[in-house]
Amino acid sequence: MRDSDNPLPRPGAGFADALLLWFARAQRPLPWRRDCGAYRVWISEIMLQQTQMDRGVAYFNKWMRRFPDIRSVAAAGEDAILAAWEGLGYYSRARNLHRAAKVIMEKHGGVFPPAFADIRALPGVGEYTAGAISCIAFNNPYPAVDANVLRVFSRVCDIADSVALAETRRRVTELVRAVTPEGRARGFCQALMELGALVCGKVPRCGECPVRDFCEALRRGTAGERPVKGAAAEYRRLVTAAVVVERAGRVFLRRRPPGGMWAGLWEFPGGEVDSGENPEDALVRHVAGLAGAGEPERIGTVRHGYTVWRVTLHGFLLRLDGGAAFDPPGGGVWVKKNALGEYAFPSGHAKLLRLLGWK
Ligand code: SF4
């Protein structure tokens, strides 16, 4: 029988108590902990996927001022939702959140549903997020295994299998289910995540760890080798160019098609720069009508990441006379410069606007 066929050994009695005691003392005062209503927990969980904590807190507070409840999210237009999300990336999260708010209004009378199956059925809510909302908002004992929790248990149980394997996650999930103390799911779930974030991080600080007496990896001297990971992601590089065209206080924008990268966001015309090509030539190749319209000036070069992509974007500005024609095939809209804040851009294009001081 393979090791991975066996359930993981449960940490000894006292593990949950030690962890909860520490959490009561050491937890960070995060805004969704002051009031852990389901709407707030849901928004925080969706925002914190792929987002660092400091940034997540700032966006959370801003979001709550703009959309204080589920009703206000459901009633908003998609552009307002995407604009509030701008800079967080992974915009399908915002679109799903918008759809889910409408489902809650229509199917659950505007009240966030407490049942796990109903939470899991909401657009954009996967197994982990449904577990986290169930635990934190409703104190129901559903396991919520994120990267922090996986790392903690890979060490507490000294797991030699890769944490990238679905089987490892399944075993850890089963263990978390088994060790969650009755009636204390809310605290336990957050305490595990907090331990992974504050103490049992990439470099474990075992000397100050509240569960060091229960940690197999510490006992065997393997903490530095855990978690075992799969192969690192391979990044792909992309070089692009875009031109901000301004005419009489308005800026030319295009909307990206639905589906695919940055679906539905707004951007400036441009495209990929081929290897060996200069960005000015690439712009002329991609933006019909640019060649005769004038000489774009360089704004700067920005870099940004999206999933496995590492994108370099060369930005240009073309100021046209009030009467000059610019009407490239594919269409677009002319938007007042002072209304640009209402439009959501992929982060590279938003950076160009910041370089110009327009957003
Ligand atoms: Fe992590 Fe060290 Fe604590 Fe073990 S003792 S859980 S490795 S911080």
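As the structure lists them, so they are numbered: ligands from 1, and atoms in each ligand from 1.
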Tyr91 versus Glu86, side-chain donor and acceptor atoms under 3.5 Å: no
Heavy atoms of other groups near Arg310 CZ, more than 12 under 6.0 Å: yes
Qualifying residue, where the test is ring pair (Phe, Tyr, Trp, His ring centres under 6.0 Å) with Phe268 and the options are Phe345, Phe252, Trp358: Phe345
Pair Glu216, Thr222: side-chain N/O donor-acceptor within cut-off below 3.5 Å: no
Distance filter under 2.8 Å, centred on atom 2 (Fe) of ligand 1 - protein N, O or S atoms that pass it: Cys206 SG
Identified side-chain contact (heavy atoms from CB on, under 4.5 Å) partner of Phe153 from the options Asp158, Val163, Leu8, Val172: Val172
Candidates Tyr59, Phe60, Trp63 - the one meeting ring pair (Phe, Tyr, Trp, His ring centres under 6.0 Å) with Trp85: Trp63
